[in-house]
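Please read the structure below before turning to the comments.
The analysis underlying the following values was restricted to heavy atoms, covering all of them including side chains, and did not include hydrogens, waters or symmetry mates. Each chain gets a letter, A, B and so on, in the order its sequence line appears, and its residues count up from 1.
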2 protein chains.
Amino acid sequence: MTKPAAPAFGRPLTTVDVVILTIRAEALQVLLVQRPRQPGEPFPGQWALPGGFVDIERDQDLQGCALRKLAEKTGVDSPYLEQVGSWGSATRDPRGWSTTHVYMALLADATLAPQKGGNAADLRWAPVEGDGVSVPLAFDHADLLGAALGRVRGKTEYTSLPAHLLPPDFTLGELQHVYELVLGRPLEKKAFRTRMLAAGLLEELGTLKDTGRRPASLYRLREQSGLVYFTRSFEQRERA
Amino acid sequence: MTKPAAPAFGRPLTTVDVVILTIRAEALQVLLVQRPRQPGEPFPGQWALPGGFVDIERDQDLQGCALRKLAEKTGVDSPYLEQVGSWGSATRDPRGWSTTHVYMALLADATLAPQKGGNAADLRWAPVEGDGVSVPLAFDHADLLGAALGRVRGKTEYTSLPAHLLPPDFTLGELQHVYELVLGRPLEKKAFRTRMLAAGLLEELGTLKDTGRRPASLYRLREQSGLVYFTRSFEQRERA
DNA sequence: GGAATAGTGTCTCTAAGACAATATATG
DNA sequence: CATATATTGTCTTAGAGACACTATTCC
């Protein structure tokens, strides 16, 4: 049996799924879409990660496909976007051998287009609880979500990643709070501030944030867009 | 225009490529295969990463496909295997919109089947130089290789990953030497030994390695197969 | 002044960097 | 003993953990 150079038949299905994360209501939340109820659609009416088939007419590449799906659901077009990995097997989709390329996008809640990402009946934000969400997800999306959450939490230990969950201007207190929400544990204030300021990833803006009491300095990420890697992880504290 | 639930046409090609790494001749080396010269094959005669189309009849999942390709080329069936990521675009393969799922496998040189992985005319080991190899690679394989090398070097800074490039029993000196080959810089002997022993990832065997002079203690990875993550990176030393 | 949040001082502790010193094998 | 490699001792240093203290705002 000879192997065809480019098999015309027997090609797996190719999809892209996007784990869209933000901070809302004091919690890390993920955007879910409801599966259509048309006949022939698998998992009708169930919640799933936004995603779908690669459109080889419209999509130039996988990242472009992920950005398209993100923009369709949220209106956001330049988030922090990172590939999580790919999954593929004979059984993960009842329609046949299928693969998915999983991306995760981090956004600030405030950057969401107001009419999108929350009002449509087939869209909802679900708070992250442990390794997933409280509703069951279609396909193997619970696995994909778990992997993305593992990635976010892992990188939160030693990179500036969570800064991308905030609007451009933020205080050190807000930044620390996001780290704590993602990690699910408190961090030492002094060590946190020292690390962030020593890393040189922030620029201090002249202005202050006028909250109830003493105003805090505002900071912004320096022009670089990428992540800053710290040489140490946050260490586990004894007293939770 | 309605979107079909499972597009019968317009499916991208789906391949898996494997970056197979080992230490030979005092260098990190990667296994390359020569592209076939049959008409219709892209990049005839050029060197490439081992890989090919997912066979939906034989492969249960992507990792199984990667393991199959690894075994075909090297005879090894249980290496350290990790997914690097996936690539896909309209232009990366002249035959059409294509995706590839990239895995990397780390092996000990000694575990290679002797008749494979080196003697066949269409297989060769190429030493890693900088971010790639000295020969040009087919497709976008230079990018894929670069990503895998970045992953290996990154994880070498803060995990036990390079231990999987050695045979089961090794000395701390050999382990440090592998770290240094991967990173391309010397490490402090005392700090290295303290870190490795404190991490509790090794078990000391009673026996010693009989080399020319004073014999060294032999160690073996504890039963766990996974990686151990250190809480600090190796830091850059001033004097190279 | 009281409350609340922002920001600092300072002590301890761990593990890395530097590098010298000692230990154990062969010839 | 000379030599080579293995292994340990020890001093310094950077940065995290702990936590108390000061600073600035509104009321």
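In terms of position on DNA chain C, the residue among B:Thr194 and A:Pro215 whose nearest nucleotide sits closer to the 5' end is A:Pro215. Residue order along DNA chain D, read from the 5' end via each residue's closest nucleotide, puts B:Thr171 first among B:Thr171 and B:Arg232.
Using a cut-off of 4.0 Å between Lys/Arg side-chain N and Asp/Glu carboxylate O, B:Glu157 and B:Arg195 are scored as not salt-bridged. Using a cutoff of 4.0 Å between basic side-chain nitrogens and carboxylate oxygens, A:Arg68 and A:Glu72 are scored as salt-bridged.
Between the side chain of B:Arg213 and the base of C:dT26 there is at least one donor-acceptor pair of N/O atoms closer than 3.5 Å. Residue B:Lys189 places a side-chain atom within donor-acceptor reach of the base of D:dT7, judged by atom type and a 3.5 Å distance cut-off alone. For a distance-only test at 3.5 Å, the side chain of B:Arg214 fails to qualify as a donor-acceptor partner of the base of D:dT7. Below the 3.5 angstrom threshold, one finds no donor paired with an acceptor across the side chain of A:Lys190 and the base of C:dG7.
Nucleic acid contact class of B:Arg195 (heavy atoms, under 4.0 Å, all strands): sugar-phosphate only. When heavy atoms are screened at a 4.0 angstrom cut-off, B:Ser217 is found touching the sugar-phosphate backbone but no base atom.
When rounded to the nearest whole Å, the span between CZ of A:Arg193 and P of C:dG9 equals 12 Å. Note: CZ (B:Phe234) to P (C:dG17) measures 8 Å, nearest angstrom. Following rounding to the nearest Å, A:Gln176 (CD) and D:dA16 (C1') show an atom-to-atom distance of 13 Å. The nearest whole Å value for the distance from the OH atom in B:Tyr179 to the C1' atom in C:dG17 is 18 Å. Between B:Glu188 atom CD and C:dC19 atom C1' the separation is 7 Å, expressed in whole Å. For the pair A:His177 NE2 and C:dA6 P, the computed distance is 11 Å after rounding to whole Å. When rounded to the nearest whole Å, the span between CZ of A:Phe230 and P of D:dA14 equals 19 Å. Computed from coordinates, the A:Leu172 CG to D:dT24 P distance equals 17 Å when rounded to whole Å.
Residues satisfying the side chain to side chain donor-acceptor pair (under 3.5 Å) test with A:Tyr103, not counting sequence neighbours, are A:Gln83. Taking B:Thr15 as the reference, B:Thr100 meet the side chain to side chain donor-acceptor pair (under 3.5 Å) condition, with sequence neighbours excluded.
Considering only the side chain of B:Ala191, C:dG17 comes nearest among D:dG15, C:dG17, D:dA6.
For B:His177 and B:Glu26, the side-chain atoms include at least one donor-acceptor pair closer than 3.5 Å.
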